[in-house]
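Below is one structure, written out as structure tokens; the observations come after it.
We name chains A, B, ... by the order of the sequence lines, and we start the count at 1 in each one.
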Protein chains: 4
Amino acid sequence: MSDVGGIAADRLKSFVERIERLEEEKRGLQEDIKEVYSEAKGTGFDTKIIRQIIRLRKMDKADRQEQEAILELYKEALGMVE
Amino acid sequence: MSDVGGIAADRLKSFVERIERLEEEKRGLQEDIKEVYSEAKGTGFDTKIIRQIIRLRKMDKADRQEQEAILELYKEALGMVE
Amino acid sequence: MSDVGGIAADRLKSFVERIERLEEEKRGLQEDIKEVYSEAKGTGFDTKIIRQIIRLRKMDKADRQEQEAILELYKEALGMVE
Amino acid sequence: MSDVGGIAADRLKSFVERIERLEEEKRGLQEDIKEVYSEAKGTGFDTKIIRQIIRLRKMDKADRQEQEAILELYKEALGMVE
DNA sequence: GATGCGCTTTAAATGC
DNA sequence: GCATTTAAAGCGCATC
């Protein structure tokens, strides 16, 4: 039986291993994503822009506009606009 | 057919969607991991400890690999490999 | 004297330590920067926007315009503008 | 005097400039580090090896700290600290 | 000798 | 506010 210093060692080990396995799979998907970007790049696309596109599609439109408004304000404050 | 402003819109769209799909799957795995932590917590484990164990195991592994890599480099440096 | 397996151990050590010292200083500056951001935040500024400002100031204006142009193009290609 | 669109322009400017100055210094240190690597290379060392040594020393240190942290956690878990 | 590419490192953003 | 995750920069390398 597996009680070590009041800790259920077997259960703990099981949790740790499950997590490690899932993380491994996750890493695999990350690789896949990287490959798609590579492929896109190889086809002549700019991956940085693709990333932006994906981010924008994720982002709520209202949020986006607010962000831009604040930025404008700050730019004005610094005389960065004519 | 799909050329918009000089850009192969179809291909671009395909890349974007593939990435989004993979990211979706990744998010799913992330959820799973979170659930395992929850479960562990529900069983009375401290997730902070579990996280640290996992980090440590990862480091140990990386460490070992580094050690081997450096050994290789030295062997090369000393002409011990052809 | 310090020749170990054909390697000038003393010299090597000296290089390593110099680099580590410089990296230490660099880390110190990074801390300082973080503190300035904290202070700005405490004064009510939005650090995310400050970061953007700094990035923009760094960026060559021409680059910026080109980036925007490309982004526009891609957005059009995906029908993200009306 | 410095209120522009509701923003304390002077303060903002001051923050931005402080950060830019610190970043400049940081860049200087980065240069220095690069030079040390160059010098080492000029002396016949393989910079790849040096980088690996440094990485390894960093890891060892982090590892040690992790070990201690986890030990602390376990001690806590076992009620060995007040 | 320059350019592009991939990888490592560093910075920024997100989520708890 | 901290820890994790994601994005961008910088660097060295290989190639032409």
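- Salt-bridge formation is not detected for the pair A/Glu20/B/Lys61: no Lys NZ or Arg NE/NH1/NH2 atom is positioned less than 4.0 Å from an Asp or Glu carboxylate oxygen.
- At the heavy-atom level, D/Lys48 lies nowhere under 4.0 Å from the strands shown.
- In this structure, A/Glu35 places its CD atom 16 Å from C1' of E/dC7, rounding to the nearest Å.
- Each of A/Arg55 and A/Lys41 lies near DNA chain E, and the nucleotide nearest A/Lys41 is the one positioned closer to the 5' end.
- In this structure, D/Arg51 reaches the F/dG12 phosphate: one of its side-chain N or O atoms is under 4.0 Å from OP1 or OP2.
- Nearer to the 5' terminus of DNA chain F, by closest-nucleotide assignment, is the contact made by A/Lys26 (compared with the other of D/Gln30 and A/Lys26).
- A/Lys34 places its NZ atom 12 Å from the C1' atom of E/dC5, with the value rounded to the nearest Å.
- Remark: P of E/dA13 and CD1 of A/Ile54 are 18 Å apart, rounded to the nearest angstrom.
- Counting to the nearest Å, the C1' atom of E/dT8 and the CE atom of D/Met59 are 13 Å from each other.
- The structure places CD of B/Glu35 at 11.0 Å from CG of B/Leu29, a figure rounded to the nearest 0.5 Å.
- The pair D/Glu24-D/Arg21 does not meet the salt-bridge criterion, since no charged nitrogen lies less than 4.0 angstrom from a carboxylate oxygen.
- Remark: P of E/dG6 and OH of A/Tyr37 are 16 Å apart, rounded to the nearest angstrom.
- Rounding to whole angstrom units, CG of residue D/Asp46 and C1' of F/dG12 are separated by 12 Å.
- The residues A/Lys75 and A/Glu72 are annotated as salt-bridged, a charged nitrogen and a carboxylate oxygen being separated by less than 4.0 angstrom.
- The separation between A/Arg27 atom CZ and F/dT5 atom P is 10 Å, rounded to whole Å.
- Counting to the nearest Å, the P atom of E/dT10 and the CG atom of D/Leu22 are 17 Å from each other.
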